[in-house]
Protein chains: 2
Amino acid sequence: MPGGRGVDPQSATPVYLQVAARIRERIVSGDLQPDRPIPSESAIEQEFEVARGTARKAIAVLREEGLVITVKGRGSYVTPAL
Amino acid sequence: MPGGRGVDPQSATPVYLQVAARIRERIVSGDLQPDRPIPSESAIEQEFEVARGTARKAIAVLREEGLVITVKGRGSYVTPAL
DNA sequence: TCAGATTTGTTCGTATGTATT
DNA sequence: CAATACATACGAACAAATCTG
C-alpha cells in the first residue's frame with residue numbers, strides 16, 4: 001500500500017499541491033490557529049513522506065495565498081487575524 | 001591543491017559518508033577510544049572543510065551504527081565498551 | 001551568581017545534480 | 001522541453017544545554 005497516510009504519488013495532482021491542500025484544511029478548519037506555527041518542513045517531510053523540497057513548495061503555496069508567514073530560523077505561522 | 005586533505009566532493013560517494021568513514025577508522029583503530037569525545041561539529045567542519053550540516057550527518061551515521069553517543073551541549077563520545 | 005563561550009538541536013534559505021514524467 | 005521530485009551540500013539564524021571564568 002501506498003505509503004499509508006498521506007499523498008498519492010500516482011495522482012495527476014502534484015504531490016506538493018496535495019500536501020498544501022492537507023495543511024490548508026487544517027488552517028481553515030481552525031485545527032491550526034492564527035499566530036500558531038504550522039508543522040516544520042522536517043515534520044512535513046516525515047508526516048507525508050516527501051522530500052524537503054516538496055515540503056517547501058507546499059508551504060510556498062500557502063504563503064502565496066496569504067495563509068501563512070515564514071520566519072527564518074523559526075518556522076511558518078498561520079497568518080494572524082487582523 | 002584540491003581542498004588539501006580531506007574529502008572529494010566529486011566522488012560518487014556523498015561527502016558525509018566519506019567523513020563518517022574517516023572518523024569510523026579512528027574509532028575502530030583505537031585512535032579514538034571508548035568514552036572519549038570525538039571531534040566537535042565545528043572541528044569536523046574545519047578539518048574536512050565541510051558545512052556544519054554535513055558534519056552533523058556524518059556523526060548521525062556513526063550514531064546510528066552505535067559507534068558514538070551524542071549529548072546536547074557536550075558533544076559526541078565513542079560508545080563505552082560494555 | 002552570572003556572563004560569555006562552546007556545543008548540539010532545530011529551522012528556514014539557496015543551489016546543484018539526477019531521474020522521471 | 002518543462003515540471004516534478006528526490007538527494008546532497010552550503011549558509012544563516014535561532015534555541016537550549018553545558019562549561020568556564
Side-chain angles (χ1 to χ4, degrees), chain A residues 2-23 27 32 35-80, chain B residues 2-23 27 32 35-80:
Chain A
R5 210 41 13 47
V7 295
D8 175 14
Q10 307 318 310
S11 168
T13 305
V15 175
Y16 74 94
L17 289 181
Q18 295 180 50
V19 173
R22 294 298 197 80
I23 300 173
I27 294 174
L32 294 172
D35 252 316
R36 300 293 308 164
I38 70 170
S40 68
E41 292 172 0
S42 106
I44 293 173
E45 276 184 65
Q46 294 174 41
E47 175 176 357
F48 297 99
E49 298 180 304
V50 297
R52 189 187 165 202
T54 302
R56 282 183 60 75
K57 273 190 93 167
I59 293 173
V61 168
L62 303 175
R63 190 166 49 237
E64 284 153 23
E65 291 172 351
L67 285 178
V68 307
I69 59 172
T70 302
V71 185
K72 179 175 185 177
R74 286 289 184 90
S76 292
Y77 301 80
V78 179
T79 302
Chain B
R5 210 10 31 106
V7 296
D8 175 14
Q10 307 317 310
S11 167
T13 305
V15 175
Y16 74 93
L17 289 181
Q18 295 179 49
V19 173
R22 295 295 198 80
I23 300 173
I27 294 174
L32 294 173
D35 252 318
R36 301 293 308 165
I38 69 170
S40 70
E41 292 172 2
S42 117
I44 293 173
E45 277 184 63
Q46 295 175 43
E47 175 175 357
F48 297 99
E49 298 180 307
V50 297
R52 190 186 166 204
T54 303
R56 283 181 61 75
K57 265 189 103 167
I59 293 173
V61 167
L62 302 176
R63 190 167 50 237
E64 283 154 23
E65 291 173 350
L67 285 177
V68 308
I69 58 171
T70 301
V71 184
K72 179 174 185 179
R74 295 227 197 174
S76 292
Y77 301 80
V78 178
T79 302

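Just so we're on the same page: letters track the sequence lines, and every chain starts at 1.
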**Student:** How many Å lie between CD on A/E41 and P on C/dC12, as a whole number?
**Tutor:**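 About 4 Å, once rounded to whole Å.
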**Student:** Against A/I23, only a single residue in A/L67, A/V61, A/L62, A/V68 fulfils side chain to side chain contact (heavy atoms under 4.5 Å, CB included); can you say which?
**Tutor:**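 The option that passes is A/L62.
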**Student:** How many whole angstroms separate atom NZ of B/K72 from atom P of C/dT10?
**Tutor:**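 One finds 7 Å between P of C/dT10 and NZ of B/K72, rounded.
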**Student:** What's the closest nucleotide to the A/V15 side chain, out of D/dC10, C/dG9, D/dA5?
**Tutor:**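 My answer, after comparing the listed nucleotides, is D/dA5.
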**Student:** Pick the nucleotide of DNA chain D nearest each of B/P9 and A/L17; which residue has the one closer to the 5' end?
**Tutor:**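 Looking at the nearest nucleotide for each, A/L17 comes out on the 5' side.
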**Student:** Would you kindly give the CZ-to-C1' distance between B/R74 and D/dA17, to the nearest whole Å?
**Tutor:**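 Between C1' of D/dA17 and CZ of B/R74: 9 Å.
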**Student:** If I take atom CZ in residue A/R52 and atom P in nucleotide D/dT4, what distance separates them, rounded to the nearest angstrom?
**Tutor:**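 Roughly 19 Å, once rounded to whole Å.
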**Student:** May I have the distance from A/E45 (atom CD) to C/dC12 (atom C1'), rounded to whole angstrom?
**Tutor:**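 These atoms are roughly 12 Å apart.
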**Student:** Give the rounded distance in Å between these two atoms: CG of A/D8 and C1' of D/dT4.
**Tutor:**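 That distance rounds to 14 Å.
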**Student:** Measuring to OP1 and OP2 of C/dT8, would you say a side-chain N or O of B/T70 lies under 4.0 angstrom away?
**Tutor:**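 It does not, given that no N or O in the side chain of B/T70 lies less than 4.0 Å from OP1 or OP2 of C/dT8.
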**Student:** In whole Å, I'd like the distance from the CD1 atom of A/I59 to the C1' atom of C/dG13.
**Tutor:**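 Distance, rounded to whole Å: 12 Å.
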**Student:** What contact category does B/G53 fall into here, base, sugar-phosphate, or nothing, at under 4.0 angstrom with non-hydrogen atoms?
**Tutor:**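 Answer is nothing: B/G53 stays at 4.0 Å or more from every strand.
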**Student:** Just by modelled atom types, is the A/G66 backbone N or O under 3.5 Å from a matching donor or acceptor in the A/T79 side chain?
**Tutor:**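 The answer is yes, because a donor-acceptor pair under 3.5 Å joins these two groups.
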**Student:** Within less than 4.0 Å of OP1 or OP2 of D/dA5, is there a side-chain N or O belonging to A/Y16?
**Tutor:**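 So the side chain of A/Y16 is outside the cut-off, no N or O lying under 4.0 Å from OP1 or OP2 of D/dA5.
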**Student:** Salt-bridged, A/E45 to A/R52, with N to O below 4.0 Å?
**Tutor:**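 No, A/E45 and A/R52 are not salt-bridged.
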**Student:** Determine: side-chain N/O of A/T54 to OP1/OP2 of D/dA5, distance under 4.0 Å, yes or no.
**Tutor:**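 No, no such contact exists.
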**Student:** Between B/T54 and B/Y16 (side chain of the first, backbone of the second, donor and acceptor by atom type, cut-off under 3.5 Å), is there such a pair?
**Tutor:**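 Such a contact is absent between B/T54 side chain and B/Y16 backbone.
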**Student:** B/A51 has a side chain; which of D/dC10, C/dT11, D/dT8 sits nearest to it?
**Tutor:**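 Looking only at side-chain atoms, B/A51 lies closest to D/dC10.
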**Student:** Taking the minimum atom-to-atom distance to the side chain of B/P14, which one of D/dT8, C/dC12, D/dA5 wins?
**Tutor:**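 Given the options D/dT8, C/dC12, D/dA5, the side chain of B/P14 is closest to D/dT8.
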**Student:** Quickly work out the A/Q46 CD to D/dC6 P distance and round it to whole Å.
**Tutor:**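 Distance, rounded to whole Å: 14 Å.
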**Student:** For A/T70 and A/S76, indicate whether the former's side chain and the latter's backbone hold a donor-acceptor pair under 3.5 Å.
**Tutor:**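 No; zero donor-acceptor contacts below 3.5 Å.
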**Student:** D/dA5 phosphate, OP1 or OP2: any side-chain N/O from A/K57 under 4.0 angstrom?
**Tutor:**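 Checking A/K57 against D/dA5: no side-chain N or O falls below 4.0 Å of OP1 or OP2.
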